[in-house]
Amino acid sequence: MALIQGRFIDNIGRVYGIYTGGFVAFIILMAILEQLGVSANTIGILFVAFTIAIYAIIGWLSRTMEVDAYYVAGRQVPAVYNGMATAADWMSGASFVALAGGIYFGGYGYMAFIVGWTGGYVLVNSLMAPYLRKFGCYTVPDFIGTRYGGNLARLCAVIVLVVASFTYVTAQIDATGTIAARALHIPYSYGVWFGLLGILLCSMLGGMRAVTWTQVAQYIVLIVAYLVPVIWMSNAQGFGIIPHFTYGEAATSMAQFETQYGLNAPAEAIRGLSVLTTPHTGPVGDYAEWKFVTLALCMMAGTASLPHILMRYFTTPSVRSARKSVAWSLLFIFLLYFTAPALATLTKLQLLDPNLPTAIIGKPFAEVAALDWIQNWSSVGFLAIADQNADGILQLNEFFMRPDIVVLATPEIAGLPYVISGLVAAGGMAAAMSTADGLLLAIANALSHDLYYKMIDPKADTAVRLIVARVLLLAIGALGALIASLQLTGILGAVAWAFCFACSGLFFPLALGVWWKRANREGAIAGMAAGFIAGSLYLYYVYTGGTPWFGLDHLRFGIVGMAVSLVAMVVVTLLTPAPDEEIQRMVDETRVPTGPTILGSKH
Amino acid sequence: MSTNNADDARDRYWAKTRNLTIVVLALWAFFSLVVPWMTGTLNQYTFIGFPLGFYMIAQGSLIAFVVIIWVQNWRQDAIDDEFGFGDEE
């Protein structure tokens with residue numbers, strides 16, 4: 001197996017080159033089949049089934065029984081590929097499916113997610129990744145437990161990690177279920193379990209190694225699926241092949257359409273669907289700027305504390321390649337995030353600009369009601385039009401849509417062939433699966449390595465440890481699917497909560513662990529516990545109808561959690577004795593990129 | 001004596017690393033917090049056809065983050081090499 005692994009690492013560029021070529025050939029084949037009259041449903045099924053089969057094969061080929069390979073992919077993932085894997089790990093179903101729709105309806109306020117989810121990598125690169133890589137840990141609680149010492153600190157970190165990641169993973173399983181249900185025409189409750197099966201095929205046998213190589217494959221699928229429709233649409237509208245630098249005119253003209261049609265609330269609201277009431281380009285209302293900045297801050301600090309991201313940087317061969325890999329990650333992530341506002345703007349223009357054939361606003365009501373895509377999406381309840389002022393014309397506030405469907409419906413709105421819709425479904429699936437894999441692995445590894453091996457049975461041998469890790473993976477996945485099938489929260493709310501939980505409990509203990517030598521165990525425990533509890537209580541308070549303080553609603557409770565965490569950690573640290581000589585030397589070692597890792601390679 | 005020299009080098013290495021990090025974080029705060037705060041004002045100007053404020057939060061700040069990380073890594077590698085801490089690849 002070691003021999004095959006070595007050969008694979010040497011040929012990695014060629015392997016993924018062939019894979020990308022194969023995927024493009026598959027898309028062309030589907031396009032030909034569509035022209036030959038194969039039904040849209042069959043094409044959708046083929047897209048999802050084909051891509052999942054590929055991931056499963058990669059998962060099978062990467063199976064392993066070695067601890068280092070299972071937890072950190074043998075620490076030999078080159079920086080560029082780790083960057084791609086991180087990008088797939090990072091961009092969830094929410095980024096892929098819901099982000100552009102959020103900008104479409106939310107405008108300025110919503111773009112805090114874009115700034116937050118990219119700016120966070122500056123924090124990862126400067127405060128966390130290189131130092132955690134030098135430390136040589138398998139999991140994030142491993143760092144907390146060793147740096148501060150003691151099982152209580154480790155346990156606190158495990159609890160925060162599990163709560164944050166589990167909140168996140170149910171949203172991802174939910175997204176895979178939704179897409180699988182729609183593409184394969186099975187009920188949602190089966191779709192969730194089908195999605196879970198695909199997720200586990202990627203991670204069960206090979207742990208981090210399998211997840212790494214499937215995530216690279218998933219990144220390629222998801223970025224192709226996101227860019228192709230936008231580029232196609234931009235060409236059709238005359239904005240050129242790369243719309244990103246040329247859609248400025250469209251963004252500027254949006255203000256004119258907004259005045260022309262008026263941004264009014266609907267005469268009669270429809271549950272679960274939205275009409276456009278927010279201007280596209282600028283802040284509006286009290287606290288708009290404050291809300292932007294606080295949301296962005298929570299997302300950025302959350303990025304730097306979410307274990308499934310941090311642990312990706314444990315897989316690189318060196319400290320320098322960990323840093324390099326953060327830079328690649330951000331570049332790959334940036335490709336999607338700077339496309340999302342372009343997609344939102346162009347889609348909106350298609351519907352609003354009376355000069356375009358696709359426009360519907362201001363058109364006769366009966367004409368719009370007869371359009372295929374309007375009928376398709378209305379029939380499943382994701383879209384509605386209602387002539388509420390009975391003037392026979394579709395007004396802007398008479399067009400209702402679920403924000404989540406903007407990306408999925410865009411190919412149909414623009415009149416693109418169905419093969420593009422199938423591609424987008426496969427991309428959404430890849431995005432949700434890759435994130436779910438990373439999260440499930442983060443949870444299962446923390447429980448098996450930190451809780452079971454480090455705290456319950458330190459004498460457990462390798463085979464037992466890896467079996468425990470896999471059983472936990474299965475159990476947590478099943479629990480996640482069960483909760484997802486109850487559909488308690490929306491995808492986006494759950495994602496924002498996960499970030500807030502993570503930054504409330506972990507941001508300062510992780511950052512100060514490297515940057516403040518004086519920080520000690522008591523302080524860290526206080527920081528984790530107080531931050532996490534304060535954040536959770538505040539969430540409960542606003543979620544059950546309490547008046548938010550300074551506009552800090554349930555998406556931004558991390559601000560409260562982080563503030564409490566920082567104060568608690570600093571105060572308690574200063575009131576208790578400084579850490580001993582050995583710990584201080586350990587921090588010194590962490591700051592130097594060369595030399596052996598703090599923790600041995602097979603701890 | 002040699003231990004003292006090594007400690008001294010480490011202190012200088014860490015001071016340089018810390019200063020670089022402070023500069024990076026200041027730039028980060030500017031593009032992630034200050035610029036979005038001023039979107040309304042910046043929107044009065046146009047940049048390649050975009051309202052400037054909108055352009056910054058849709059693309060400008062993102063590009064700045066990418067550039068910041070690449071430049072930081074380039075400078076950090078130089079600091080590592082200067083003190084002989086650049087690891088082989």
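Chain naming here is simple, since letters A, B, ... match the order of the sequence lines and numbering starts at 1 in each.
For the pair B:Asp77 and A:Arg323, the salt-bridge criterion is met [side-chain N within less than 4.0 Å of a carboxylate O]. Using a cut-off of 4.0 Å between Lys/Arg side-chain N and Asp/Glu carboxylate O, B:Asp11 and A:Arg591 are scored as not salt-bridged. A salt bridge does not link A:Asp588 with B:Arg10: none of the charged nitrogens is closer than 4.0 Å to a carboxylate oxygen.
To the nearest 0.5 angstrom, A:Leu330 atom CG is 9.5 Å from B:Trp70 atom CH2.
For the set B:Gly49, B:Gly53, B:Gly84, the entry with the most heavy-atom pairs within less than 4.5 Å of chain A is B:Gly49. In terms of heavy-atom pairs under 4.5 angstrom with chain B, the leader among A:Tyr108, A:Tyr121, A:Tyr337, A:Phe245 is A:Tyr108. For the options A:Leu127, A:Leu123, A:Ile103, heavy-atom pairs under 4.5 Å to chain B are most numerous at A:Leu123.
Only the side chain of B:Asn43 has a heavy atom closer than 4.5 Å to any heavy atom of chain A. At a 4.5 Å heavy-atom cutoff, the contact between B:Trp37 and chain A is made by backbone and side-chain atoms alike. Contact annotation for A:Ile333: neither backbone nor side-chain heavy atoms come within less than 4.5 Å of a heavy atom of chain B. Neither the backbone nor the side chain of A:Thr294 has a heavy atom closer than 4.5 Å to any heavy atom of chain B.
Considering every non-hydrogen atom in both B:Pro36 and A:Glu289, the closest pair reads O-CG, 4.5 Å.
Contact of the A:Thr345 side chain with the B:Phe54 side chain is registered, since non-hydrogen atoms from C-beta on lie closer than 4.5 Å. Proximity of A:Pro593 to B:Phe83: side-chain heavy atoms (C-beta onward) are nowhere separated by under 4.5 Å.
Ring centers of A:Tyr247 and B:Phe50: under 6.0 Å apart, within the cut-off.
Few gaps surround CD on B:Gln44; more than 12 heavy atoms of other groups in view lie less than 6.0 Å from it. Crowding of A:Ile242 atom CD1: a count of heavy atoms from other residues, nucleotides or ligands under 6.0 Å not exceeding 12.
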Open item on the list: If you apply the rule side-chain contact (heavy atoms from CB on, under 4.5 Å), what do you find for B:Ile69 with A:Lys324, and how did you get there?
Closed with: CA-CA 9 Å; B:Ile69 290 192; A:Lys324 205 185 281 178; over 6 Å; no
Open item on the list: Please determine whether side-chain contact (heavy atoms from CB on, under 4.5 Å) holds for the pair A:Val115 and B:Met56, giving the CA-CA distance in whole Å, both sets of side-chain angles, and the decisive distance to 0.1 Å.
Closed with: CA-CA 10 Å; A:Val115 172; B:Met56 286 310 291; over 6 Å; no
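Taking 4.5 Å as the heavy-atom cut-off, the residues of residues 19-26 of chain B that approach chain A are B:Thr21, B:Val24, B:Leu25, ordered by number.
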Between side-chain atoms of residues 57-64 of chain B and protein atoms elsewhere (two or more places apart, or another chain), which donor-acceptor pairs fall under 3.5 Å?
residue: B:Gln59; atom: OE1; partner: B:Tyr55; partner atom: OH; Å: 3.3
residue: B:Gln59; atom: NE2; partner: A:His244; partner atom: O; Å: 2.6
residue: B:Ser61; atom: OG; partner: B:Phe31; partner atom: O; Å: 2.8

